[in-house]
Amino acid sequence: MSNIIDGKAVSAQVKERIRLETEKLKEQGIEIGLAVVIVGDDPASKVYVRNKKLACEAVGFTSYEYALPAETTEEELLDLVKKLNNDDKVNGILVQLPVPKHINDKVVIDNILPEKDVDAFHPVNVGKIMIGDYNFLPCTPAGVMELIESTGTDVAGKECVVIGRSNIVGKPQAMLLLHKNGTVTICHSKTKNLKEVCARADILVAAVGRAKMITSEYVKEGAVVIDVGMNRDENGKLCGDVDFEDCKDKAGFITPVPGGVGPMTIAMLMQNTLTAAKAQNGLL
Ligand code: GUN
């Protein structure tokens, strides 16, 4: 029987630490603000944005929500981003992705001030992560690192396998594991012998986007298995990339879906917003 990593409990600890620090900053006259922009009415995005707003309230940040209609032009969205860049009350800016197809998300991200880019999606921040000199951690990979740390596992020298090479998760995840001196392999759709490669991993991070693809055959006995997936199974129930029931007895530690990585992503967004506010007030 493996240990189930409780993402809700770990994220609650992180948020409590942030809440206390936010309270202290308030005593010094520093209020923290996060602007969240959503364009259109994608139901999943609406849920994410609502959860981000609730997290802001829980830690004592002010959230500024901008819900724009799907017909918003790229120019209108860029005007809003520029206004938020210049607003001192706004320490962090997040434009929820995906944006409607007629808007180029790269252009939007490029126009967010790197100092306020709490997603760490701006090329400047991506570059800083690459060279290991960064303030903002990409939220999901950073949350994964916290969960690994919560198991007491030292990444140094471990075989780490990341399945998925997206800019949001796979690539930065590999980089954060490398910064902790893991021996890192990134797998993707063209990887040969995926099962064998994964079964070598002491730490396995699945970010594939395919429901329950990772069965126990992919898992080494005692491995730390982190599931970034957020899918629906054949019955419409939320599930990860890992077949939890099949893997839970073989893994040493494993995250559930929901209740694993998901809550951590939002906690790390709060962490980045706090970091942004401190940096903008000369406190870093
Ligand atoms: N859409 C799905 N995940 C994310 C995220 O982490 N940040 C933003 N801005 N949009 C998303």
Side-chain angles (χ1 to χ4, degrees), residues 3-36 48-65 89-94 114-121 125 128-129 132-156 168-169 172-173 175-177 179-180 203 205 224 226-228 253 255-284:
N3 292 298
I4 295 167
I5 305 172
D6 186 345
K8 270 195 196 156
V10 180
S11 80
Q13 285 166 13
V14 172
K15 283 191 280 187
E16 180 57 12
R17 187 175 40 72
I18 296 169
R19 190 187 69 77
L20 292 172
E21 208 173 328
T22 304
E23 213 167 66
K24 285 215 185 84
L25 288 174
K26 230 172 233 174
E27 285 162 15
Q28 299 172 45
I30 296 169
E31 301 255 355
I32 302 179
L34 173 66
V36 179
Y48 290 137
V49 165
R50 199 176 74 90
N51 288 339
K52 286 167 186 174
K53 192 176 167 196
L54 290 174
C56 280
E57 283 164 13
V59 299
F61 298 170
T62 305
S63 71
Y64 302 94
E65 196 184 329
K89 290 199 296 299
V90 173
N91 302 106
I93 302 169
L94 179 148
E115 295 81 11
K116 295 192 178 186
D117 167 41
V118 285
D119 266 323
F121 289 170
N125 289 323
K128 281 172 173 275
I129 291 157
D133 168 27
Y134 48 89
N135 282 333
F136 296 136
L137 296 151
C139 298
T140 299
V144 169
M145 297 306 287
E146 291 276 340
L147 292 178
I148 294 170
E149 199 177 310
S150 79
T151 69
T153 305
D154 182 8
V155 176
I168 295 184
V169 183
Q173 186 69 69
M175 211 46 68
L176 297 191
L177 289 162
H179 290 325
K180 291 283 181 196
I203 298 170
V205 181
V224 177
I226 308 282
D227 190 351
V228 182
F253 293 91
T255 59
V257 175
V261 173
M264 287 308 295
T265 298
I266 294 189
M268 301 325 287
L269 173 68
M270 300 298 114
Q271 174 66 59
N272 281 347
T273 307
L274 173 64
T275 302
K278 281 161 65 176
Q280 287 158 33
N281 284 282
L283 296 174
L284 272 193

**Prompt:** Looking only at heavy atoms, which two atoms of Val14 and Met264 are closest? And how far apart?
**Reply:** CG2-CE, 4.3 Å
**Item:** Heavy-atom closest pair, residues Val90 and Gln280
**Value:** O-OE1, 4.1 Å
**Message:** Tell me the closest heavy-atom pair linking Cys139 and Val118, and the distance in Å.
**Reply:** SG-O, 3.7 Å
**Derivation of the side-chain contact (heavy atoms from CB on, under 4.5 Å) call for Asp6 and Val10** = CA-CA 6 Å; Asp6 186 345; Val10 180; 5.6 Å; no
**Item:** Heavy-atom pair of closest approach, residues Gly260 and Thr255
**Value:** CA-CB, 4.1 Å
**Complete:** Between the CG atom in Leu269 and the SG atom in Cys56, the distance rounded to the nearest 0.5 Å is 7.0 Å
**Prompt:** If you look at every heavy atom in Lys15 and Ala267, which pair is closest and at what distance?
**Reply:** CG-CB, 4.1 Å
**Message:** Within this structure, what is the CD1-CE distance for the pair Ile129 and Met175, rounded to the nearest 0.5 Å?
**Reply:** 9.5 Å
**Asked** Can Glu27 and Lys24 be counted as an ion pair, charged N to O under 4.0 angstrom?
**Response** no
**Separation between CD of Glu115 and CG of Asn91, rounded to the nearest 0.5 Å** = 12.0 Å
**Request:** Applying side chain to side chain contact (heavy atoms under 4.5 Å, CB included), name anything that partners Ile168, two or more places apart in sequence or on another chain.
**Result:** Phe121, Ser166
**Message:** Is any side-chain heavy atom of Val144 closer than 4.5 Å to one of Val169?
**Reply:** no
**Prompt:** Do Lys128 and Asn135 have side chains that get closer than 4.5 Å, going by heavy atoms?
**Reply:** no
**Message:** I need the Leu137 CG to Thr275 OG1 distance, nearest 0.5 Å.
**Reply:** 7.5 Å
**Request:** May I have the step-by-step check of side-chain contact (heavy atoms from CB on, under 4.5 Å) for Leu25 and Leu274, ending in yes or no?
**Result:** CA-CA 10 Å; Leu25 288 174; Leu274 173 64; 3.6 Å; yes
**Prompt:** With a 4.5 Å heavy-atom cut-off, do Ile30 and Leu283 have their side chains touching?
**Reply:** yes
**Request:** Decide yes or no for Thr265 and Val228: does some side-chain heavy atom of the first lie under 4.5 Å from some side-chain heavy atom of the second?
**Result:** no
**Prompt:** So Lys26 and Glu23, salt bridge (charged side-chain N to carboxylate O under 4.0 Å, His left out) or not? Walk me through it.
**Reply:** CA-CA 5 Å; Lys26 230 172 233 174; Glu23 213 167 66; over 6 Å; no
**Asked** Should Leu177 and Ile148 count as side-chain neighbours, where that means a heavy-atom distance under 4.5 Å?
**Response** yes
**Prompt:** Do Tyr134 and Leu176 have side-chain heavy atoms sitting under 4.5 Å apart?
**Reply:** yes
**Request:** Could you tell me whether the side chain of Phe253 reaches within less than 4.5 Å of the side chain of Leu147, counting heavy atoms only?
**Result:** no
**Prompt:** Quick one: side chain to side chain contact (heavy atoms under 4.5 Å, CB included) partners of Glu57, sequence neighbours excluded?
**Reply:** Lys53, Leu54
**Message:** Considering only residues two or more places apart or on different chains, which pairs with a residue in residues 144-156 satisfy side-chain hydrogen bond (donor to acceptor under 3.5 Å, both in side chains)?
**Reply:** Thr151-Thr153
**Message:** Return the CD1 to OG1 distance between Ile226 and Thr140, rounded to the nearest 0.5 Å.
**Reply:** 12.5 Å
**Minimum heavy-atom distance Asp117-Phe136, with the two atoms named** = O-CD1, 3.4 Å
**Message:** How long is the straight-line distance from CD of Gln271 back to CE of Met268, given to the nearest 0.5 Å?
**Reply:** 5.5 Å
**Request:** Would you indicate whether the side-chain heavy atoms of Glu65 and Lys52 approach each other to under 4.5 Å?
**Result:** no
